[in-house]
Structure formats: C-alpha cells, structure tokens
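Take a look at the structure below.
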Amino acid sequence: MAEPSELQMLRDSARRLAADCAPARWSSAGRTGRSDPARWARMIENGWLHAGLDEKLGGFGFGAAEAALIAQEAGRGLLAEPLLANYVALSLLVEAADTELGGQVAEAVREGRQKLAFAYAEPGARFAWEHPAAHVRREGNAAVLDGRKQVVLGVADADLIVTVARDEAGELVVLLVPAAAPGVEVQGFALVDGTGAGDIRFSGVRLQQEALLARGETARAAIERALDHGATLVCAGAVGAMRAAFEMTLDYVKNRVQFGEPIGRNQALQHRLVDLLRLIRESEILLAEAVAAMDGDRVERGLAVSAAKLHINAAARKVGQEAVQMHGAIGTTDEAAISHYFRALTAMGVLFGDAAHHRARFFALDRQLVAQDTRCPS
Amino acid sequence: MAEPSELQMLRDSARRLAADCAPARWSSAGRTGRSDPARWARMIENGWLHAGLDEKLGGFGFGAAEAALIAQEAGRGLLAEPLLANYVALSLLVEAADTELGGQVAEAVREGRQKLAFAYAEPGARFAWEHPAAHVRREGNAAVLDGRKQVVLGVADADLIVTVARDEAGELVVLLVPAAAPGVEVQGFALVDGTGAGDIRFSGVRLQQEALLARGETARAAIERALDHGATLVCAGAVGAMRAAFEMTLDYVKNRVQFGEPIGRNQALQHRLVDLLRLIRESEILLAEAVAAMDGDRVERGLAVSAAKLHINAAARKVGQEAVQMHGAIGTTDEAAISHYFRALTAMGVLFGDAAHHRARFFALDRQLVAQDTRCPS
Amino acid sequence: MPKLSPADQAFVADLRAFIAENLDPDLRAVVAAGGHPTKAQLKAWEHGLATRNWLVYTWSAEHGGPGLTPLQQFLFDQTIAEMHAPSNNGLAIKMAGPVIREFGNPEQKAQHLPGILQGTVNWCQGYSEPGAGSDLAAVATRAEADGNDYIVNGQKIWTSYAHWADWMFMLVRTSQEAKRQSGITFLLVDMRTPGITVRPIVASDGHHGFNEVFFDNVRVPQSNRIGEEGKGWTYAKFLLSNERLGVVSLPGIRHALARAEAAVTRPLADGSRLIDDVDFTNRLVDLKVRLRALEGWVKQSLDELLEGGKPGPEVSMVKIRGTELNQDLAEFTMDALAYDALPYDFEQAASVARDIAPTPDFGTTVTAGYLYRRAFTILGGSTEVQKNIVSKAILGL
Amino acid sequence: MPKLSPADQAFVADLRAFIAENLDPDLRAVVAAGGHPTKAQLKAWEHGLATRNWLVYTWSAEHGGPGLTPLQQFLFDQTIAEMHAPSNNGLAIKMAGPVIREFGNPEQKAQHLPGILQGTVNWCQGYSEPGAGSDLAAVATRAEADGNDYIVNGQKIWTSYAHWADWMFMLVRTSQEAKRQSGITFLLVDMRTPGITVRPIVASDGHHGFNEVFFDNVRVPQSNRIGEEGKGWTYAKFLLSNERLGVVSLPGIRHALARAEAAVTRPLADGSRLIDDVDFTNRLVDLKVRLRALEGWVKQSLDELLEGGKPGPEVSMVKIRGTELNQDLAEFTMDALAYDALPYDFEQAASVARDIAPTPDFGTTVTAGYLYRRAFTILGGSTEVQKNIVSKAILGL
C-alpha cells in the first residue's frame, strides 16, 4: 500500500531531524529527567506535534499512523524527547475533555507552549491500572487528589499531567493536573535508555471541576485506548531502533576482521542474522496491524496491539542482545553506539507492558473472541 | 567416580546384547503390544532382571544405578522389551508386599517365568494419579476392583499387574492383579516408538486379601517413588538414545557431501551440534543426580528426578528433531535408523510425565524446601 | 479483515453452499483430522470443483481460470480451510500449469492445460535426486538425444504422489558444463512410458506419499521438452518461489490450530481443561501471534507476487516460519494429548483405534502429523538452505 | 550434598564465624546487590582473609596455601557466596600465582608469591589487544631486546582493573613467525614503569572496570620474563581453561538467583506475588534446573582439573552455559522488577535513589547487572569461539 505523500514528507523530515540530532542519548540524559528545549523547539517547528491529531484540531488527519511513523524515526535516531508522552496524553485529553479545553491544549502543545505527561503506573503495581490506589475525594466544589505514580515518561518537562485515580464511589476517573499545582511533587530522573521520566506524589492536590476529564466506563475505555496507543508507539520506536541496530551490526560484521576474515563470513553468524531480520520483519508486520487497528473495535485493537507488543518485546530483547554479542567487547562500552540501542531496546520491552502482561491480555481477549464467534465451520 | 566392576560388566553385556538385537524397532512392534519372547529370554539369561534388586532377593545390590544402566543401553540399542515396566513394578511390589510374596515374584521374574506391568495412568487424567477413578469395594472377604488404566507399558506381556485405586474410604491402595483374572480386559498395541503397551478395563475383578499391597500414606509414598523410578529409567533410556542419535548424526554430517563439501563443514551446523552435545552432557549430569537421589529423602529425590525429566524431555525433543533435520529427507523415512530414534525420543518425552508436569512438581517441592530452609545467610 | 463488498460476500456464500453440498463427510473428517485422503476421495472432490472452474482458482480468466481477485483467492483458501475441504493440488495448478503456460509451445498447451483445468490429469515433480538434497542443481539424471527422442536414465527421489501421477515434469541433464545450472533441460514425461519404475518410500509415520522413480532407457519425445535445451534451470527457478510459499500452507496451519484449540479445551477426567493451565495458554498465545505475523507476511508476499510477477528472497523466510509454525502446532497438540498421543498404528499412519480409552476425534492423526511435518523444514529447500539464500541475497554476506 | 564430616563441619563453622566477624556491612550490601565494591573495601577484606591464609584458598600446603580438600574449597565458595562476601580475586591466586609457581624461576617466585599469599599486590592481565577480540594469538604488542631489558610498545585492551593493579602479566610478540602462536613471550611488568598509560573504558552500565593500557617504550627487565622467549603461548594456554571456568562464577550466579527469588516473592501493591504467576514460576524453575546442571558440570570439571591437571575442551561448554545462566538470571530479575528496573543513574552504575517510589534493596544493581553481564559471553573467549573449539576438539568437525 503506497504511503500518502504527507506521511512520506513527515517521515523524511523526521529521519533528517533524527540524524541531525544523533548521537542523542550518549552517556544518559543526566539526572533531572528533563529534555533539551532546543531540540524540542525543532520538533515543534517541524510540525511533529500535529501528528495524530484530527484536522479540526490542527492535525494532518492520518491518525495513529502519523504518530507511529514519527515514533519509529525517533527510535531509529534514539531521540530522547518526550514525544510518546505528549502523543498519548494529548490524544487521551482530546478524547476525554470537552472540545474547547481539548482545542486549547492541543494548540498550546502544537505551538510548544505546553508539554504533557500521562501518569498511570503506580508503585508495586507493575502494569495493573484498573484499580489505582490514587484517589480523589470531594471537598466543597473542589476534588482533592492523593496518591503516587511512578516512572512517568516526560513528567519532569510537563506542564500538565493526565492521570488516573478512583473516586469515592470506587469509579475510575481521568484527571488533568497542572504540574505546578500545590501538593504535586515530582522527582525527575533518567531511564536506563537516557530518556527522561519521574515519580509523582500527589498530596492533597485541589482540583477544579473541569479537571475531571472522564469517569466510569468512559474513563476505563479512554485509558485502555491510551495504553494501547502508548504500547503501539513503543512498538514503533522499537522497530526503528531494531532496524538501526541491525543495519549497524550488519555493517560491523562485514568490516570487522578476525582470524583472517570478516566475521560476517561465519555461517553461524549469518544464520543468526537471518533470524534477527525475520524477527524485525515480523515486528514490522505486527506493528502495521496494530496501527491499523487503533481506531477499530476494542477487542480487535487489543489483540493486534498485544500481539505486536508481545512479539516486539521479545524481538527487541533478542536484537539488542545479539547486536551487542556480534559487536564483541566494544559493543559493551558506552562509547559504542550499539550499546545505546541495546539500552533503548531494553527499556522498550518494559514500557506500556512486558511480554507476560500482554500475553495474559491477548489470551483474555482471544477467549472473548472464541466465545463470541458464532461462525461454526459448516 | 569409578564404576564398580559388576556394573561395568553389566554395561558391557547390555551393550553387546542391544547391538546384537538391533535394529529392534523397525516398522513398529506390530499391533499386539507383545514383545519378542526369544529376546526376553536372552535378557533373562544375561541376568538383566537381577538389576535393581536387593542382594537378598537375588539382586546385585547396586540399587537404582543398575536398572538405569541397563535402561540406558536399551535406549541406545532401541530395545523394545518391557524392561522398564518390570523394573518399576517389581521394585514397587518388593517394597510394598510382604517378604515372602516379594521374594516369590522376584524369583519368578528373574527366572523369566513371569512378567509384570505397572498401571497408573487413567483416561483423561494425563499425569495425575493421587485421585484415581479406579476403585475397590469390599464384598465379603474379597475386594472387587473396577476402573480403567491406559497406555500401560508391557501390559500385553504381563502375568501380574501392579495397579492403583482408591478404596471405599477414599484412601489410595496398591493392588496386585493377575492379568488372567476374570474381569480383566486388556487391549494391547504398539506405541509410536514401537514398544508394547495397552489399555486395561477392570470390571468387577475379585481379589483376595493378599492382593492389597499397600494403603493410605504408605501406598502414596510407594507410588510416588515408583513414578520417580519410572521417570528416572525413561531419562536413562533417553540419554542412551540421544547419545546414539547424536553419534549417528555426527557421523552423517562428516560423510554427507552437499554443494561440494561435507555438510559438517557448515559452521551453523557445527554450532547447533555443540548445542546438542551440551544438552546431552547436561542430561547425563542430571540423570546421575536423579539416580543418586533415588534412595534419598522424598523432597530431594523429587527435585532431582523432576529436574532431570524436565530437562531431558526438552533435550530429547531437540536432539530428535535436530538429528532428523540434519539428516535431511532421508531422516524422515522409515528405512533410516535415525527416524526410529526420533520416534523413541518422542515417546520418552511423555512417559512418566511431560515437561509441564515435572515443572509444576519441581516448583511445588522447591517451595517446600524454601519454606523449610532455616539456613539464613548470616 | 475489512468488511466484504456485496460481490465478495456473494462469492463466499456461493462457495460455502458448494462445499456444504459437495464435500463428502468422510473426506471432510480426514482433512479435519489432518490425515491423508485417498486418491478416489480427492478426484471426486476435484471433479466437483472443476464443474465450477474453481479447481484453477488462482488462474486469470485470460488463462481459462475464474479470474478471482487476490482478495477472493484469499477468501477461497480461507473458506476451504474453515470448512475442512482439501486444499487444491498445487502440483498441477501452481506448478505444471504455470510453467507450461509461460514457457510451453502451443501444442503443449493444447495437450496439457485442459487436463489441468478439469482436474483429469495428475502431475508429479521430478526435481530431487538421491544424494543431492537441497542442492537442486546437482541433476545427474541424463537425457541423450536419439533421433526425435531423448533417452532418459537415472533416478528421482522424494517424488510426492508419483504413484498417483499420469505425468511428471522433470529436470534432466543434457550436457556437462562448468556451471552446474547450465545443461539442465525441462521435460514433460508420461508416467506410463516403458522403463519407468516407481518405488514407494515409507515415511517415519508409516505413510506412503513419497517415491523413488527410476528411469531405465526411457524414451521421451523431444516435443515434450519445455523451451530450449539446457535452459531448464530458468524454468525450474520460476517455480521455486511458488513452491516455497506452497509448503507454507496457511489452510493446513489453520486446521492445525483448530486441533490445538480442541486439544486444550477438551475437559479432562477431573473436569479441568488445559486452557486453564498457563503453561499451555502461553504456548497457545505465542502460536497465535506467530500465525498473525505469518498471515500478514504471506499476504505481503502474495501482493508482491501479483505486482512484480515473482516474490523476492523474503519468501525464504516465510517458508522457514510457516513450516516451523506448522511443526510447532503439531508438537503442541501432541503435548496436550500426552499419553493419548502415544498409541500408534504404523500401518494406518494414525492413532490406534482404542476401545477402552478412545483417543479423541481430533487426536487420531496428531502424532502422525508431528512425525511427517518434520519433512516440511527439509523439502522445498531446507531451512538451512533458505537461510543461506537470505544471507546472500538480502544481507549481502 | 552428602553429610559433612566433623572436620568439614568445623571448617565451615570457623569460616562462618570469621565472615560474620570480619565482613564490613557496606561491602556485604554491595556484594548482595551484585554491585561493584571499592578497592579499599576489597583490600580490607583480603587483608583479613590473608591472616587466616584463606586468600589463596585453592593452594596446596606445599605451595603455602591452606591445603583445603576439593570439598572444602567447594564449601569455601559456597559459604562465601551464602554470606555475601566477595569472591577471592582470581587474577592473582588463580592466574598470576599458578603461572609464576609453575613456570617462574626461583627469584620470580621469591619476589611475587608472598605478595599474592598476603594480598598486598594487585595483578591485572595483559592479553587482549584492539581488533583482536577472541583471537588471543593475534598479539601485536612488540618487545624488543635491548641489553638486559625489553622495550615494549603497543596496546592492551579490556584490561580489568588495570587502574588498581601493581603488576601486569602480559603477552608480547618477540618475533614474527609463520605460526602466530610462536614468537609470543610472557612478561611480568611493574605498572609503575614509565611509559605505561592506563585509559578507562566506561562500560554500557556506566561502570569503570575495563581499561586500555598503552605501552610507549616501556623498559622491562628480561629477568621479568616467564620461562623461555617465544614460548609465552604455552604458559598463556595453561591459564585459559582456568579463566573460562573463572568467568562462570558460581557464587555470582547464586547471588543472582537469590535476587531473582527476592524479586518474585516481594509482595506487590495488591498483595499478590509474581511467584504465584506461572509465567514467572516456569522461568524460575528452568533457571534453577539449569543451575543444577551447571553445578554438576563445574564439579566434574574441577574434579578433572584436580585429577588430570587441566580440564578438557568441555570447559568451553561450561563457560557458555555459566555465562548464559548469569545473563538470564539478571534478565529474569529485571523482568520481575518491570518499571522499577528502568530509572537509572549512569554515573553510579546503579538504580536511581528514589524517594517517592523507592526501588527495592535487591533491585538497585539489577539493571546494571543485566547490562554488564552481556560482556560475560564475549570476554574470556566469546561463546562463538568456544563453540568453534568444541566443534573442532570434541566433535572433530
């Protein structure tokens, strides 16, 4: 299927900018969890934050495919900026908030005036989210939020935090919390791949009525979709990073001479490289299906996303490990680019759900499908 | 550790006889599940049925190591005779029965006058045995047995069947049932590896008091030990078969020329052969530990046996599949010896517990050990 | 899957009705179990398909086929698989047919294509030779010109269903050249020609599908030669990619998945089911995800095939993964059956018919399937050879 | 494990008491977490061990060691690991020491062995060179005779703890010969000699353990040569098997298993534990079974070492499996930690000290461990090279 020319332009622009920024994650992004404002400004300039938005919100109108495409190029170039955090938080906000608020925030993000983060994971909860410990209680007209969130991508940069809690009735709620509000404490740090993240403590944070974006089943559906969106973008980044790591490794084995010949002459390595290429091709295929399913039925979407994440987590691990192994000792040092891809692929296998999580989810959805399936073979 | 010379003699005799009998399982043992009486006679002659027995019962006194050694050579030679069935049934009977009965049967078996079988698996129960559907009820002085057992090794040859049921109080019992007793129906067949087995239906089989060999906890412990014994002997057979299949494959790749050179010159094959050798060496190590643990503490024994079976099941699969693959098309035909090893290794992965069964059991025992473990590091 | 157009819906409905009406229940049972149908069963089914011109379902209208769209061909495969009808025999319609159509002369087309369209003639493929394995260019069977004929001497092996075949398309060596791919000629041979002997090869599951075929001074008219003498390798290569995709057999894999699903959902003696055992669940999920990736990949390859005429070397990876998945599904189902997978009747190439503890229906050919599927990663170019091809053609190593 | 004799029980009790009394709690915490102790911590610990002559616990009484039986050596390793004391540094006691003892002259023994026995001198190993990787015979660093000295020029790489070392044992090339293994000479070099520059290599976890060492006209007395000129390969080979077994590090693996166990038994927010999730259970069981096999294999290899003087090529397979297990345990624990494994402080080569959502104690070095353990299958001869060795030496391919 041919790519629309707008998407092609975006891809080219993204690849150029990514190449221009590299090497981006060298020696970790530091200890603050904050990203480089100059690079963010260039992404804004290039229109990257229009991606994934509806046309009436200033987007290009290609939906999930756009954001996935940029995430893929960002993965290829190891960009450390909080693109994923903003894509996911913004699309959740736009879906859940009223048109006016959604439009305002979308514009502010597009223009680089505000940054967002999406906080769902809680300490000790791994990937569970349907029963958060964070909670809001009413106090007069205000809602008061308490709780903790951990390893929130881009939170040290964020002006607004989209987060998840339960209310006094035990219902899920989606909340929009200004990062500067009293009672919001953020500890920023770098992740193992050099991207920025942080933990959050909400202590009696007073929120106004409009902070409540969604509640109950609406909230549940919106969060689930946001998590699928996040997982898909991580998959896209991993596909980009795997491709780059693979090409780098292929190049290395063609040039590195040992025992008198390029190590790529070793058939054992050749066959393993074919296995890696196969894993990457399957990843690309499953990613495309996940992206295509993003706007579809909940069960089909979940199956496609969990299938992709499940496969890509394992592929990312394998490609990262094998790329280092084939590089030999140099591959284990910070000065080698491949070690940064390895660290990026390590993180990607965890973000928005590990293999065990997505395997269990795929199975649950698959059983729903089997139970629903009324098409009996003759 | 040097092997006692008696064991060495037994090993040499076993290997000679096995070589003499080969090819043994060609084109399946037929449809009756019965074995060749002439070959059985030679095994009796060579004293193979003394193996594993206590000296006062006419054995050599080396315990489980002897039977394992013969099982290993039988695996190497693909002997289809019901050795395992007789070893397991006899040692269970000797352990559970009174001295006189034990001695009588042991003598009859040693001299080739009787053959035994051990029936535990039930239809649809996979490897579960603690709650058999087969049951006995009292009728006057007799006990009356009803139930079904499936895929019982050597049962079509057997004169006496050692089996498992529950009594009216729901307790486990070990029973000795004459195969010729009214109400015992046996359907014999060959397994995929050409060895003989069969299903049994017990319909109101009347048994005398002495048929009850053990009950309750005593029965449970004796059955568990018998199953560990069986699993260990299957492991031994698999180790023998893997060694033979490996040697055969190594020989093949050294001689088979394709694209102008022996296929063993392909480094990808070489590395895979190293992986196979590694699997076999680990199998040998874990087998030795299982054999050594046979007379030890229940938990240690269970851990050692389940570790061995778990590993060896996977190894047997892998070695069998790779041996066929490396032989190429000829390896998939009945006329190639390797295809018979492949079928034998296929069956061995199931007999006395598959990987899932032994993994679950290892875990349960391991947790007992962790709970018991009072040795706190400093 | 996007929503079907009314035309496609009608096509599927028509096909389903046809299958429901025409598929012999015995044949259906054999296919559902993954077993081997008899020749008579297959011929009856093919005869029916031919009445609707669906036998050559991949052929364009121009070539006398039904001219189905790629989506319809996909739906055809899917519907056939869902309803447990046998897949159409690729030897005639995907191999002999296309090569005759592309490279044959008008007389050859007139002679052979009608039989393929109507399913009245069975074909077999004479490529592999003893000792050559995946090295197809190592053709040693000689054809020497003698007047208007060739005299063929030599031996072919792994010839699927040669014992059912009326005709063989084969490679012979007509001259010795430095480059082994040269000097190979492509012939069509009537299997009733004197001097041809077919010897069965029994597979490790007991089934007879393969054969050795011996040629002892077999006289083949030169008019049976496809294209030029010595150019046979070109025509053979044209088919290799087709063959690789053919081995993948998505319908077969979907059948295998249905058996796997049945095996883990059947209630055990204590009422539990293996599907509730995470050990099996995890494996099943991984198999399903692999099938998703494979289906996507096959679809891309078929698209390439339709666009570019022939698929690229990627098809080698599809072949590897498809055959491995097929094997692993059989292994999974065998594991789920546990003891029930062991009793085996070699002469029937199937489970033993047991009275006391009957094997479940779906389980009767599971073990046979596990055994004979080992050949899938060997035939049609072994996995190792495919990896070598990818390494060279795609990776440039 | 059989019941211990009273003598062995007393030995273990003595050792445990010693550790309990002498092991600095900070050092214990670092070892338990799988982190990197400081030089000062290690020297203090070694000094204590030396007072009991346990530093050289593998040495016979004849060589000045404690003369422990093989079982006692095994118990030593086990107790050290259980109580989270650091393993004894093999560079001095298993490499420099034995080679000087076996091949050194009386003066060399007198000069170096006491420092090793007492742990006062740190050693490093100068084998690997840039661009040579696992091809150790590709020694390019030159040593040219000049009076009673050699003048050494060249570069070593991957030199562990060169920045802590007082002495290096190294391979240099003293002549060019057709067979690359010839012309290599084994030297002992004082690291304070002018012309030696040590440059740190920062690993992908941020830790500085490796170095490059540059030799610029470094003057080394010929009296520092071990054995004959040009025979260095013989002495180096003597150590290679030791090194391979050394990389396996059973104590390190047992520590890693303890962390894995802690990771899956910690209660999660909802009170559940991963150990009740079969996904993790299955992986843990497989890791434990692999450890059983590895322990048995290491024991067999050590027995061979004791009986035959040197282990056979099987040690290559032990190295492969040991290093893989070590890697897989780290990966398992990282997976169990999930999000908690991600925050990372590169400058500390450890997890971030977090206030709001603290990382569990055992988890602080898990990710670093995952990263730096990738080197285990590369250093000391890569897995690929080990497989080549086995293929040639055992399989005859």
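Heavy-atom basis, side chains included; hydrogens, waters and symmetry copies ignored. Convention: sequence-line order gives letters A, B, ...; per-chain numbering from 1.
- Only one option out of Trp45(C), Phe11(C), Tyr57(C) pairs with Phe18(C) in a ring-ring contact (aromatic ring centres under 6.0 Å, His included); it is Trp45(C).
- With a 4.5 Å cut-off on non-hydrogen atoms, Gln267(A) touches chain C through its side chain but not through its backbone.
- Per-residue counts of heavy-atom pairs under 4.5 Å with chain C were compared for His271(A), Glu289(A), Glu300(A); the largest is that of His271(A).
- The number of heavy-atom neighbours closer than 6.0 Å to CG of Asp14(C), taken from other residues, nucleotides and ligands shown, is above 12.
- With a threshold of 4.5 angstrom between heavy atoms, Leu269(A) does not approach chain C through any atom at all.
- Both the backbone and the side chain of Ile275(C) come within contact range of chain A, with heavy atoms under 4.5 Å apart.
- Ranked by heavy-atom pairs under 4.5 Å with chain C, the first of Ala355(A), Ala360(A), Ala307(A), Ala292(A) is Ala307(A).
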* Evaluate the criterion side-chain contact (heavy atoms from CB on, under 4.5 Å) for residue pair Arg359(A) and Asp286(C); output intermediate values, then yes/no. => CA-CA 8 Å; Arg359(A) 197 177 282 115; Asp286(C) 286 339; 3.2 Å; yes

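- Using modelled atom types, one finds a donor on one side chain and an acceptor on the other under 3.5 Å when comparing Ser306(A) with Arg361(A).
- The contact between Gln270(A) and chain C is made by backbone and side chain atoms together, counting heavy-atom distances below 4.5 Å.
- Ranked by heavy-atom pairs shorter than 4.5 Å toward chain C, the options Arg281(A), Arg265(A), Lys254(A) are led by Arg281(A).
- Within the 4.5 angstrom heavy-atom criterion, no atom of Arg290(C) approaches chain A.
- Using cut-offs of 30° and 60° for the angle between ring planes, the His255(C) and His84(C) rings count as tilted.
- For a residue to count as touching a neighbouring chain, one of its non-hydrogen atoms must lie under 4.5 Å from one of that chain's; by this rule Leu286(A) touches chain C with the side chain only.
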* Could you go step by step and tell me if Phe352(A) and Thr232(A) meet the side-chain contact (heavy atoms from CB on, under 4.5 Å) rule? -> CA-CA 9 Å; Phe352(A) 290 90; Thr232(A) 302; over 6 Å; no

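- When all heavy atoms of Ile263(A) and Met326(A) are compared, the pair lying nearest together is CD1-O, 3.6 Å.
- Neither the backbone nor the side chain of Ala356(A) comes within contact range of chain C, judged by heavy atoms closer than 4.5 Å.
- No part of Leu294(C) comes within reach of chain A, as not one of its non-hydrogen atoms sits under 4.5 angstrom from that chain.
- Residue contact with chain A, scored on non-hydrogen atoms closer than 4.5 Å, involves the backbone and the side chain of Glu384(C) alike.
- Listed here is the closest heavy atom pair of Pro313(C) and Ile389(C): CB-CG2, 4.5 Å.
- For a residue to count as touching a neighbouring chain, one of its non-hydrogen atoms must lie under 4.5 Å from one of that chain's; by this rule Thr265(C) touches chain A with the side chain only.
- Nearest heavy-atom pair, Leu274(C) versus Ala263(C), reported as atom, atom and distance to 0.1 Å: CD1-O, 4.3 Å.
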